[in-house]
Amino acid sequence: MRITLIGPGRAGLSIAYAAKKAGHEIVTVVARRPEAARRAAEKLGATASVLDRQLEASDLWIVATRDDAILSAAESLAQRLDEGTEAPDMAIHLSGLSSIETLAPLARFGISIGSVHPLQTMPNPEIGQERLRGAWFGITAEPELYDRLAEFAESMGGRPFSIADSAKPTYHAAAAAAANFTLVNLIVAQDLLDAVDIPIEVLGPLMEAIVANAVEIGPRAALTGPVARGDVDTVAAQIAAVADHAPAMLGIFVSNVASLAKIAGRWDQFADLVAEHTS
Ligand SMILES: NC(=O)c1ccc[n+]([C@@H]2O[C@H](COP(=O)([O-])OP(=O)(O)OC[C@H]3O[C@@H](n4cnc5c(N)ncnc54)[C@H](OP(=O)(O)O)[C@@H]3O)[C@@H](O)[C@H]2O)c1
């Protein structure tokens, strides 16, 4: 496919690098700052442009701006179409949260609109492009476009799945819970391990097993440990250690004990211990 990238940020460039590696051609990189467009275009062997200029023809427009700029970017692109830029077949954005309706200004030109959300973290384009291989790609589109976008995701080594437009906020909250909130607990773990001079890497296999078990048998069935067993004395000893060695993390630790006890049906046993440590 011939692709135009609008918004050469972390996700856009990760996808563009992966797409180029998969044999697609990045025709133009469009940014709001000419310098940003030029830098990205050079690396991709593409032409650099800005939003208020006419664009070379391509098959797919990828609007990879921040979520809150998708609609305004689509409106600018619609103006280019009004002025004679050739319409692509398809236009997508990369948000797991925003509705595909944010691209509605383009639909009136007969462009099929959708979204492709790589369910992966792309902190920079170099790491991002590598992480896309094997990642799941949540696609929101009508069936015909879905098939073409699924093929695009597969060409980059991705695994496509379908998300209804109305389901996106719920899906996105789930992704945040799994990815961002998990890091909160790893930060608690890091502070505790630092206090006793143990490197965080020892947690690697344990964390990998937790994730594998959760995906394989479901997170509720994967629950083990003293809260799930109802072992109050052990948890009290853990809380005392946290209070001694990472007091700033005590609130998070105790609130996790409370959440876990409720989920595991052990609240009656842990209510007093939690109350004792909740101010
Ligand atoms: N990064 C991830 O891990 C990840 C994962 C999955 C999905 N996504 C999705 O990918 C999209 C982009 O996220 P990102 O992390 O790549 O953000 P980012 O690194 O901040 O990149 C955003 C890009 O949009 C441009 N931009 C911002 N405001 C604009 C405007 N008003 N008009 C035109 N361009 C504008 C930025 O240009 P400037 O440099 O000029 O600001 C930059 O090129 C979002 O929809 C996000 O939800 C990201």
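Just the heavy atoms: all of them, side chains too, but no hydrogens, waters or symmetry mates, feed the values below. The structure presented is a predicted model; accordingly, all values stated were derived computationally and were not measured. Indexing begins at 1, ligand by ligand and atom by atom, following the structure's order.
For the pair Asp59 (side chain) and Asp89 (backbone), a donor-acceptor distance under 3.5 Å is absent. The backbone N or O of Ala48 sits nowhere less than 3.5 Å from a side-chain atom of Arg38 that would complete a donor-acceptor pair. Put simply, the side chain of Ser98 never gets that close to the backbone of Ser95: no donor and acceptor are under 3.5 Å apart. Side-chain atoms of Arg2 come within 3.5 Å of backbone N or O of Ala57 as a donor-acceptor pair.
Interface of Arg66 with ligand 1, defined as ligand atoms under 4.0 Å from a residue heavy atom, comprises 20 (O), 22 (C), 24 (O). Close approach of ligand 1 to Ser95 is summarised as follows: ligand atoms under 4.0 Å from at least one heavy atom of the residue are 45 (O), 47 (O). Atoms of ligand 1 lying under 4.0 Å from any heavy atom of His117, numbered from 1 in the order shown and given with element: 6 (C), 7 (C). Counting the atoms of ligand 1 from 1 in the order shown, those under 4.0 Å from a heavy atom of Ala69 are 28 (N), 29 (C), 30 (C), 31 (N). Ligand-side atoms of ligand 1 in range of Thr121: 3 (O), range being under 4.0 angstrom from any heavy atom.
Of the heavy atoms in His93, none comes closer than 4.0 Å to ligand 1. Contact annotation for Arg32 and ligand 1: only side-chain heavy atoms (C-beta onward) come within less than 4.0 Å of the ligand. At a heavy-atom cutoff of 4.0 Å, ligand 1 is contacted by no atom of Leu97, backbone or side chain.
Atom 21 (O) of ligand 1 has Gly9 CA, 3.2 Å as its closest protein atom, hydrogens excluded (heavy atom only). Of all protein heavy atoms, the one closest to atom 39 (O) of ligand 1 is Arg33 NH2, 2.8 Å. Ranking the protein heavy atoms by distance from atom 14 (P) of ligand 1 puts Ala11 N, 4.0 Å first. The nearest heavy-atom contact from the protein to atom 24 (O) of ligand 1 is Thr65 CA, 3.1 Å. Here the protein heavy atom with the shortest distance to atom 7 (C) of ligand 1 is Leu94 O, 3.3 Å. Summary of contacts: the protein heavy atom closest to atom 47 (O) of ligand 1 is Asp67 OD1, 3.0 Å. Among protein heavy atoms, atom 23 (C) of ligand 1 sits closest to Ala64 O, 3.7 Å. Distance from atom 3 (O) of ligand 1 to its nearest protein heavy atom, with residue and atom name: Met122 N, 2.8 Å.
Annotation: side chain of Ile15 is in contact with side chain of Pro118 (closest heavy-atom distance under 4.5 Å). In this structure the side chain of Val30 reaches within 4.5 angstrom of the side chain of Thr28, judged on heavy atoms.
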Between Glu144 and Arg148, does a salt bridge (Lys or Arg N to Asp or Glu O under 4.0 Å) hold up when you go through it step by step?
CA-CA 7 Å; Glu144 200 177 313; Arg148 294 187 70 183; over 6 Å; no

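Looking at ligand 1, you'll find an N or O of Arg10 within less than 3.5 Å of one of its N or O atoms.
Taking the six-membered ring wherever Trp is involved, the centroid distance between the rings of His117 and Tyr171 falls below 6.0 Å.
Between Glu86 and Arg80 there is no salt bridge, since no side-chain nitrogen of the basic residue lies less than 4.0 Å from a carboxylate oxygen of the acidic one. Checked for salt-bridge contact, Lys262 and Asp268 miss the test: no charged N lies under 4.0 Å from a carboxylate O.
Taking 4.0 Å as the cut-off, Pro8 counts as a neighbour of ligand 1 on heavy-atom distance.
Taking OG of Ser99 as the start and CG of Asp67 as the end, the distance is 11.5 Å to the nearest 0.5 Å.
Under 3.5 Å, the side chains of Thr85 and Gln54 contain a donor-acceptor pair of N or O atoms.
By heavy-atom distance, the residue among Ala37, Gly128, Gly96, Pro118 lying nearest atom 6 (C) of ligand 1 is Pro118.
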